[in-house]
Amino acid sequence: MKKRGLNKVDLIFEKVDLREVLTVAYNMPQAEIIQKVLDSGLKGRGGAGFPTGLKWKYTAAEKDPDKYIVCNADEGEPGTFKDREILDRVAYKVYGGMVIAGKAVGAKTGIVYLRGEYKFLLPQLLAELDEFHRLIKEIGFDFSISYRMGSGAYICGEESALFESIEGFRGEPRNKPPYPTVSGVFGKPTSINNVETLVTALMVIKHGPESYSQLGTKDSRGSKVFSISGDTPTPGIFELELGMTVQAFVNEFGDGDTKAVQVGGASGFCVPRKRFEDTIIGFEGVPTGGSMKLFNSSRSMYNVLHNYLDFFAEESCGQCTPCRVGCQQLLKGVQKVKKGEVKSTYLTELIKLADTMKVASKCGLGQSVGNAFKTIVENFREEIIY
Amino acid sequence: MINLSINNQKISVEEGTTILDAARKLNINIPTLCNHPDLCVAGNCRVCVVEQTGARTLIAACAMPVAEGMDIHTNTLKVRNARKHIVELLLSEHRSDCTKCYRNQNCELQSLANEFAFGDTIFLDLVEDHPYVIDRSSPSFIKDDSKCIRCQRCVRTCTELQHISAIAVANKGMHQKISSFHDKPMSHVVCTNCGQCVNRCPTGALVEKTYIDQVWDAIYDPGKHVIVQTAPAVRVALGEDLGYDPGERVTGKMVTALRQLGFDSVLDTDFSADLTIMEEGTEFLTRLKKVLVDGDKNTALPMFTSCSPGWIKFIEHKYPELLNNLSTCKSPQQMFGALAKTYYAQKKNLDPSTIVSVSIMPCTAKKYEADRPEMRSSGYKDIDYVLTTRELVIMVKQAGIDFRNLEPSGFDSVMGESTGAAVIFGATGGVMEAALRTAYEIVTGREVPFKNLNITPVRGMEGIKEASIKIEDCVDDWKFLEGAELKVAIAHGLTNANKLMRLVRSGEASYHFIEIMACPGGCLGGGGQPIPTNAEVRKRRMNAIYSEDEHMEFRKSHDNPDVIAIYEEFLGQPNSERAHELLHTHYTEREAY
Ligand SMILES: Cc1cc2nc3c(=O)[nH]c(=O)nc-3n(C[C@H](O)[C@H](O)[C@H](O)COP(=O)(O)O)c2cc1C
Ligand code: SF4
Ligand code: SF4
Ligand code: SF4
Ligand code: SF4
Ligand code: FES
């Protein structure tokens with residue numbers, strides 16, 4: 001596979017004439033919108049990476065006339081702060097993506113589920129929303145958007161827990177199937193998309209799928225916004241073409257002493273220096289919802305792991321056994337190994353446990369706790385033990 | 001139909017069937033914990049995971065509908081390892097003191113541990129990290145969080161079946177727990193003490209508060225005269241925990257066993273159930289007269305039955321504005337209690353202070369009811385101790401009684417006679433049927449116009465039942481009812497009761513008389529009945545109840561000789577002043593949370 005260098009892009013924050021794009025979309029048949037998004041190869045930017053065009057196609061196929069577009073702006077993944085920036089700078093493009101999605105699937109209602117901690121943005125977001133509603137009315141769309149606030153639980157970013165939360169229930173993930181495209185919020189067919197996914201979809205309609213899919217690789221088309229933090233001289237938000245190696249990334253953002261990069265936040269993977277060259281950032285390598293955290297040699301990977309496990313032990317919704325109890329066991333287990341209260345071979349049991357959590361947990365949270373755990377324990381075993 | 005394969009066996013099942021149910025059709029057993037046939041699917045314990053060829057993760061058999069061409073394996077190494085881990089994880093959070101535990105040997109977690117987690121413990125003990133509390137505040141049950149596996153069966157029960165949500169899930173992650181409103185003690189929230197959650201809890205986290213030791217102490221106290229009454233639903237379920245199939249009646253053996261346990265007199269709640277019909281039936285007819293003839297605005301219709309203490313607490317919390325619609329009759333248990341320390345004492349020449357009155361009930365709410373301050377009409381605590389069907393089983397076992405080989409025997413007198421009308425109190429619709437058998441006859445002088453007195457429209461397991469009965473050719477006193485159509489409704493399970501109450505409150509319902517039982521199926525599905533209780537078991541117990549009715553010498557409450565005698569000797573007329581003093585009560589408005 002061809003390894004790429006690093007290529008900065010400016011799509012997400014690019015200023016667009018919304019009236020122009022939406023007028024084009026307004027006059028475009030439903031099926032054509034969906035086809036364009038399918039052709040672009042766009043995969044969801046919220047973490048799971050499901051093809052956006054397919055999601056729209058499934059939702060469009062549902063008979064129920066009452067459908068929803070939900071914008072997932074819960075942004076809870078540790079180290080991710082790109083949706084905040086997008087909403088702060090180009091909320092009108094998020095709304096634009098929603099109305100296009102609404103047109104594509106046949107939905108008249110949009111809901112933005114906003115992370116509780118982003119409440120300070122709400123006044124400006126609502127002002128922009130008013131303007132947006134006026135604009136689409138003029139163009140002729142029958143669509144309206146409202147806001148729902150999260151209240152600080154990471155799990156409410158998981159789509160079905162998010163629906164429960166919107167409906168006024170405790171944010172616990174549901175059993176799937178049925179999937180959201182069949183039965184989402186209020187039991188209605190729902191397309192739930194990440195903030196960035198919606199903006200990207202808008203840009204696909206503006207620039208066309210051919211031009212968009214020139215960016216990136218076969219498995220990871222396009223570009224995405226990264227939230228870069230940790231031991232870097234240049235923390236912040238950067239939009240980069242997908243498909244670069246971790247090495248290319250570290251060359252640009254590292255401080256010269258990078259020993260590991262955590263790709264994808266607490267639920268993502270830890271890439272150690274020896275794997276920088278052969279690891280691609282994208283769905284063929286390590287996928288990411290945007291969080292990139294760099295660690296230099298002054299950092300204790302035990303502390304890093306402890307921090308993540310502590311997070312999961314608190315933020316698991318607690319309903320299913322592998323995740324609720326598994327997180328506590330992993331946390332307590334590494335603590336005891338560190339203190340020498342159990343043998344270091346206990347780590348092998350814990351790795352097996354992490355595997356069970358991956359296959360037996362009810363939702364993506366429990367299923368991905370093992371990612372960070374295994375990649376840190378396997379690559380930095382001595383730091384965990386001594 | 002959907003075709004799939006489970007453990008290489010082909011099967012074709014209806015769309016929407018879960019993998020769990022499909023496997024059961026093939027007699028393939030998949031272990032479960034959070035799953036309960038009365039409740040919606042939770043899919044949270046993950047014990048039921050199975051492997052689907054080609055799938056990235058294991059799947060929860062209870063929550064996954066079948067799909068065409070699925071290739072499922074329920075017993076692969078991957079599955080076994082995951083299940084073992086899951087059970088070990090549950091145990092690591094669990095205070096496993098089985099030998100001291102009330103659910104020892106009847107515990108779903110324990111069974112799974114036997115199967116998957118024997119030998120060395122894999123994981124660290126987490127019990128010390130949790131500030132588990134034991135709530136003993138309810139007179140009916142104990143909630144011990146250290147035994148809780150967070151399956152949420154109790155929460156689903158309280159919400160789906162009972163529409164109360166006295167308990168709910170609180171907090172997240174490691175702090176997640178089953179909690180009450182603001183963490184208040186169970187005695188201070190909307191809980192009705194129905195015990196439906198207790199009956200569905202797979203572990204010892206929710207158990208009835210037991211009074212077995214107090215009862216033994218009384219039995220062995222030579223200065224005490226200990227009497228026992230047994231509710232109609234007990235005799236059709238007791239056998240289940242003593243080696244019989246669900247639905248076998250063990251009335252005679254139960255009486256003998258109680259005698260062998262040392263009770264001085266073995267009596268029947270059925271007697272006071274018949275008395276309830278006399279009192280409640282009369283009250284109902286009087287209300288009809290007041291409303292229809294006297295135009296009395298202060299008399300409320302429809303009248304609601306009042307023999308289910310879980311229902312009483314429910315309405316006190318949720319519909320206090322309808323309390324006037326409740327019959328003022330006490331439950332049969334409490335009527336019995338009030339008479340035990342008055343009429344019975346008098347007849348037997350006993351000092352009431354030496355009488356200890358015990359009742360065996362299918363119900364945990366009756367424990368609460370016995371503790372209500374109103375329930376002291378005799379001048380003493382009318383009922384001293386309430387034991388559930390399950391507690392009676394424990395006593396039988398403790399005493400080493402060979403239940404199967406007992407000679408059946410009959411109840412003692414006085415207050416031991418009963419009729420079929422009283423027996424059917426144990427099933428939903430039974431009180432209504434019994435009341436109609438008597439009231440119709442009072443009004444028309446004829447038996448109810450149903451074959452064999454079986455008023456089938458009010459029977460069965462439908463959540464809400466309706467019936468109407470036309471009243472013709474009345475006797476002189478009741479001429480004002482001539483041609484009237486009497487409309488009745490019946491609900492069981494408080495979710496159904498709530499639906500009916502909404503209709504009553506909004507004025508949409510035009511019933512005259514409504515029977516409500518707090519528990520699904522009526523008392524036969526009570527919270528104190530053997531575990532498991534489910535739709536199939538309830539059906540069998542119900543059939544047993546109606547067959548017991550058919551076998552009775554007397555089928556109508558007003559024919560009960562003990563009832564006739566007590567009115568002649570002691571109470572005078574139904575609804576007399578003395579009857580009111582002893583057999584009727586009043587209700588208290590309570591907070592909605
Ligand atoms: C624990 C958990 C947290 C999640 N949090 C978010 C989030 O904050 N934002 C988000 O867009 N997706 C989040 N997701 C993914 C969503 O479930 C869902 O896949 C996504 O919103 C779909 O949008 P996309 O297809 O555009 O990515 C989370 C998933 C899990 C399992
Ligand atoms: S995996 Fe974790 S977050 Fe997901 S349902 Fe289970 S306990 Fe909740
Ligand atoms: S709940 Fe079950 S496993 Fe737990 S102590 Fe009691 S019997 Fe044992
Ligand atoms: S006893 Fe009944 S009302 Fe109380 S918590 Fe249990 S199910 Fe709910
Ligand atoms: S109390 Fe019992 S039924 Fe409720 S969650 Fe705990 S173990 Fe399950
Ligand atoms: S029985 Fe299936 S998840 Fe609990």
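Note that the structure is a prediction, hence the values are computed from the model and not measured. Every chain is numbered from 1, with letters handed out A, B, ... down the list of sequences.
- In this structure, A:Leu353 and B:Leu89 have side chains that are in contact, with non-hydrogen atoms separated by less than 4.5 Å.
- Atom OG1 of A:Thr356 sits about 11.5 Å away from atom NZ of B:Lys84, to the nearest 0.5 Å.
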*Just do the side-chain contact (heavy atoms from CB on, under 4.5 Å) check on B:Leu126 and A:Val325 with the steps written out, would you?*
CA-CA 9 Å; B:Leu126 299 174; A:Val325 197; 3.6 Å; yes

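- For the set A:Arg174, A:Gln367, A:Met357, A:Glu172, the entry with the most heavy-atom pairs within less than 4.5 Å of chain B is A:Glu172.
- Going from atom OG1 of A:Thr321 over to atom CG of B:Leu90 covers 4.0 Å, rounded to the nearest 0.5 Å.
- Chosen from A:Cys323, A:Cys320, A:Pro178, the residue pairing most often with chain B at heavy-atom distances under 4.5 Å is A:Cys320.
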*Quick one: do A:Glu315 and B:Lys172 satisfy salt bridge (charged side-chain N to carboxylate O under 4.0 Å, His left out)? Show the steps, please.*
CA-CA 7 Å; A:Glu315 292 300 330; B:Lys172 58 184 163 47; 3.1 Å; yes

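- At least one side-chain heavy atom of B:Leu124 sits under 4.5 Å from a side-chain heavy atom of A:Val342.
- Using a 4.5 Å cut-off between heavy atoms, A:Cys327 does not touch chain B at all.
- Here the side chains of A:Arg170 and B:Gln176 are in contact, with some heavy-atom distance below 4.5 Å.
- Considering only heavy-atom pairs separated by less than 4.5 Å from chain A, the leading option among B:Glu88, B:Gln152, B:Lys78 is B:Gln152.
- Of the listed residues (A:Gly326, A:Ala313, A:Gly171), the one with the most heavy-atom contacts under 4.5 Å to chain B is A:Ala313.
- Residues of residues 37-58 of chain B that come within less than 4.5 angstrom of chain A, heavy atom to heavy atom, are B:Val41, B:Ala42, B:Gly43, B:Asn44, B:Cys45, B:Arg46, B:Val49, B:Arg56, B:Thr57, B:Leu58 in numerical order.
- In this structure, chain B has a heavy atom under 4.5 Å from the side chain of A:Tyr346, while its backbone stays farther away.
- Side chain of B:Arg150 to main chain of A:Arg324: no donor-acceptor pair is present (N/O by atom type, distance under 3.5 Å, no hydrogens or angles).
- Of the two parts of A:Lys358, only the backbone, made up of N, CA, C and O, holds a non-hydrogen atom closer than 4.5 Å to a non-hydrogen atom of chain B.
- With 3.5 Å as the limit, one finds a donor-acceptor pair spanning the side chains of B:His130 and A:Gln328.
- Using a distance-only test at 3.5 Å, with no hydrogens or angles considered, no donor-acceptor pair links the side chain of A:Gln329 to the main chain of B:Phe123.
- The 12-atom threshold is exceeded at CD of B:Glu128, counting heavy atoms of other residues, nucleotides or ligands nearer than 6.0 Å.
- For a residue to count as touching a neighbouring chain, one of its non-hydrogen atoms must lie under 4.5 Å from one of that chain's; by this rule B:Ala82 touches chain A with backbone and side chain alike.
- Atom CD of B:Glu115 sits in a crowded spot, with more than 12 heavy atoms from other residues, nucleotides or ligands closer than 6.0 Å.
- Looking only at side-chain heavy atoms (C-beta outward), A:Gln319 and B:Val169 stay at 4.5 Å or farther from each other.
- The number of heavy atoms from other shown groups lying within 6.0 Å of OH (B:Tyr593) does not exceed 12.
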